[in-house]
2 protein chains.
Amino acid sequence: MSAATETPKPNLLELLWRAAPETGRGPRKGLTVDEVVAAAIGLADAEGLDAVTMRRLAQSLGKATMTLYTYVPGKTELVALMIDSLFTAMTMTPVEGRPWREGLAAVARDNYALYRAHPWAAAASPGRPPLGPGQCAKYEHELRALEGLGLGDVAMDDALAYLLAFVRTAAQDAAQSEAEREATAMTDHEWWQANGPLLAKVLDTERFPVAVRVGQAAGEAHDAAYDAEHAFAFGLERTLDGLAAIIPG
Amino acid sequence: MSAATETPKPNLLELLWRAAPETGRGPRKGLTVDEVVAAAIGLADAEGLDAVTMRRLAQSLGKATMTLYTYVPGKTELVALMIDSLFTAMTMTPVEGRPWREGLAAVARDNYALYRAHPWAAAASPGRPPLGPGQCAKYEHELRALEGLGLGDVAMDDALAYLLAFVRTAAQDAAQSEAEREATAMTDHEWWQANGPLLAKVLDTERFPVAVRVGQAAGEAHDAAYDAEHAFAFGLERTLDGLAAIIPG
DNA sequence: TCGTACGTTGTACAATATACAACGTACGAA
DNA sequence: TTCGTACGTTGTATATTGTACAACGTACGA
């Protein structure tokens, strides 16, 4: 075999950009990468990322398990493709020409909505996603909310990464507390009845005066369901205030 | 059997506070919960949380796999115990009486150091950890950095949660980028040589003018190793500026 | 027309958490 | 002192997981 002929295992970047060289030999492909990714997203949305096993995914597509490996080198790459696909399809509220604070708030809310709609993505997406088409379009769009404010290029990137990290974490925490609440087959009353005595014994105000006082106040203020949304609203204002400190004018 | 006799499966809270009722019947226990947790932490520190399997952990303790289930109801609870143990042992820089900004910066740095030393904990610890002894002591200590500043109790809790979420995410992103760099058996030069042509084709400045410009500047400014620490330093200042907006005076 | 590149698939394997039952230890009551 | 039993320990077993491998058949290019 010549060196030019050997098929290099498809790179993640090539896959993201759908730049795999087609050879035309052998049987026709029965699926496309997009179909596989779309089915995987549907499964993850419906039952969580844990439900996306190669077996179940293949079954939902009417193919054998190992067939998937024709389209995707492995599960890691599949998840990367799923996330980039989300980015490609996400709603991006127009931000250009608006006051910077409004624009960044819109960016944050779009991201929050995305991760709340697809909680598995918040947990799986890394701080710096690979440069797929979705990520690039998203990055371009979001940077424009920071363009023309007098920030240097590096500061623009820093600021955006900072904002996005906050949103992703907020959405992740929200999803997690929601999941815990659903998983616990216990009402708040039952939980307190079960754990109250121990906590009362152990949380004495001698050792933890501030913690007990503040914890009680916080617990009463937010009912658990509202907690996450409150944290997002609070954090968003703080984050924008923090960025204001480096934005001239 | 009478209802009073049945042994209720040990609660996570009881376990955290080591409040399991001792009966004294049957053979002596060959281990303690603390030994199990300490061994698990050692394993996680050395080889990551994935290496902490019930088999390997039991083996490192010289016991059979299922023996662990005498000490811990399951792996979920084990991880919670590991994290609370970390909290108990973490260094807590004194903060009382110092200017609030210094105190909060110290809190942030202590947390960052903890999660950088135990990267698995950053990934595994939830936004609101269970009320174990470690978490309670930590919460008490950290709240004191916010005490007496004119904030209401609820705002104190909000502010602390906001700061800690930032730190945890920053440490997590740092660990992840570090892990990726080590896992990739490729120098930056090799990577660019492999992926450069595709990226050059696909990242045209027509579609992504701002992204290409800013991305290039950011890429050149931070070499990957320094990137994470820079993001933490940048984000910490922004976070403190953001909190300054709600701290009177 | 035919060789071969490649899509498809069944089987196989190593690894996971943990359910279950057998076994033996040592305490508490007699 | 004796004996029943609560409980610590352990081996085996099961349902899952991702994916390596080899057999098989299809359809393009020479």
Side-chain angles (χ1 to χ4, degrees), chain A residues 1-10 12 15 20-33 35-36 40 43-44 47-82 120 124 183, chain B residues 1-10 12 15 20-33 35-36 40 43-44 47-82 120 124 183:
Chain A
M1 76 184 92
S2 75
T5 309
E6 67 187 6
T7 309
K9 155 189 306 194
L12 174 57
L15 214 55
E22 302 225 4
T23 62
R25 289 290 274 273
R28 302 281 163 72
K29 289 203 161 199
L31 294 170
T32 63
V33 175
E35 284 174 297
V36 172
L43 206 46
E47 302 184 43
L49 196 54
D50 285 347
V52 182
T53 70
M54 300 305 264
R55 279 171 237 272
R56 282 204 60 184
L57 180 56
Q59 193 176 13
S60 83
L61 289 162
K63 296 284 176 179
T65 306
M66 291 310 291
T67 303
L68 296 181
Y69 289 88
T70 312
Y71 299 91
V72 158
K75 193 172 185 180
T76 313
E77 291 83 356
L78 173 63
V79 174
L81 287 166
M82 292 166 67
W120 51 270
Chain B
M1 76 185 92
S2 75
T5 310
E6 64 187 8
T7 309
K9 154 189 310 196
L12 173 56
L15 214 54
E22 302 225 2
T23 62
R25 289 289 275 274
R28 301 282 163 72
K29 289 204 161 198
L31 295 171
T32 63
V33 175
E35 284 174 296
V36 173
L43 207 46
E47 303 185 42
L49 196 53
D50 284 349
V52 182
T53 70
M54 299 306 262
R55 277 173 240 272
R56 283 204 60 183
L57 180 56
Q59 193 176 12
S60 83
L61 289 162
K63 296 284 176 179
T65 307
M66 293 309 293
T67 303
L68 297 181
Y69 289 90
T70 312
Y71 300 90
V72 158
K75 192 170 186 182
T76 313
E77 291 83 356
L78 173 63
V79 173
L81 286 166
M82 293 165 67
W120 51 270

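Both backbone and side-chain heavy atoms feed into the values below; hydrogens, waters and symmetry mates do not. Letters A, B, ... are given to chains in the order of the sequence lines, protein chains preceding strands, and every chain is numbered from 1.
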What is the separation between atom [atom1] on [X] and atom [atom2] on [N], rounded to the nearest whole Å?
X	N	atom1	atom2	value
B:Lys75	D:dT17	NZ	C1'	14 Å
A:Glu22	C:dA5	CD	C1'	14 Å
B:Leu61	D:dT10	CG	C1'	15 Å
B:Met54	D:dT10	CE	P	14 Å
A:Lys29	C:dT8	NZ	P	7 Å
B:Met66	C:dT16	CE	C1'	13 Å
A:Asp50	C:dT16	CG	P	17 Å
A:Leu49	D:dT17	CG	P	13 Å

Checking base pairs now: Watson-Crick or wobble, both atom distances under 3.5 Å. What partners D:dT14?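 When the pairing criteria are applied, C:dA17 turns out to be the nucleotide that pairs with D:dT14.
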Complement of D:dT26, any strand, by Watson-Crick or G-U distances under 3.5 angstrom: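 Result: C:dA5.
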Report the distance from atom CE of A:Met66 to atom CZ of A:Arg55, rounding to the nearest 0.5 Å.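 Reported value, rounded in 0.5 Å steps: 9.5 Å.
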Rounded to the nearest 0.5 Å, how far does CD of A:Gln59 lie from CG of A:Leu43?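 A:Leu43 atom CG to A:Gln59 atom CD measures 10.0 Å (nearest 0.5 Å).
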Counting just side-chain N and O atoms, does [X] come under 4.0 Å of either OP1 or OP2 of [N]?
X	N	answer
B:Thr67	D:dG8	no
A:Thr23	C:dC6	yes
A:Thr70	C:dG7	no
A:Tyr71	C:dT8	yes
B:Arg28	D:dT9	no

Tell me which nucleotide among [options] gets nearest to the side chain of [X].
X	options	value
A:Arg25	D:dG4, C:dG3, C:dT9	C:dG3
B:Pro27	C:dA19, C:dA17, D:dG8	D:dG8
B:Thr53	D:dG11, C:dT16, D:dC21	C:dT16

Could one point to a donor on the side chain of A:Arg55 or the base of D:dG18 with an acceptor on the other under 3.5 Å away?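 A donor-acceptor contact between them is present.
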Close side-chain approach of [X] to [Y], heavy-atom, < 4.5 Å:
X	Y	result
A:Thr70	A:Leu31	no
A:Glu35	A:Tyr71	no
A:Leu78	A:Leu57	yes
B:Leu61	B:Leu68	yes

Nearest heavy atom decides the nucleotide; on that basis, is A:Tyr69 or B:Lys63 closer to the 5' end of DNA chain D?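 Of the two residues, B:Lys63 wins.
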Look at all strands and tell whether B:Val72 reaches a base, only sugar-phosphate, or nothing, counting heavy atoms closer than 4.0 Å.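 No contact.
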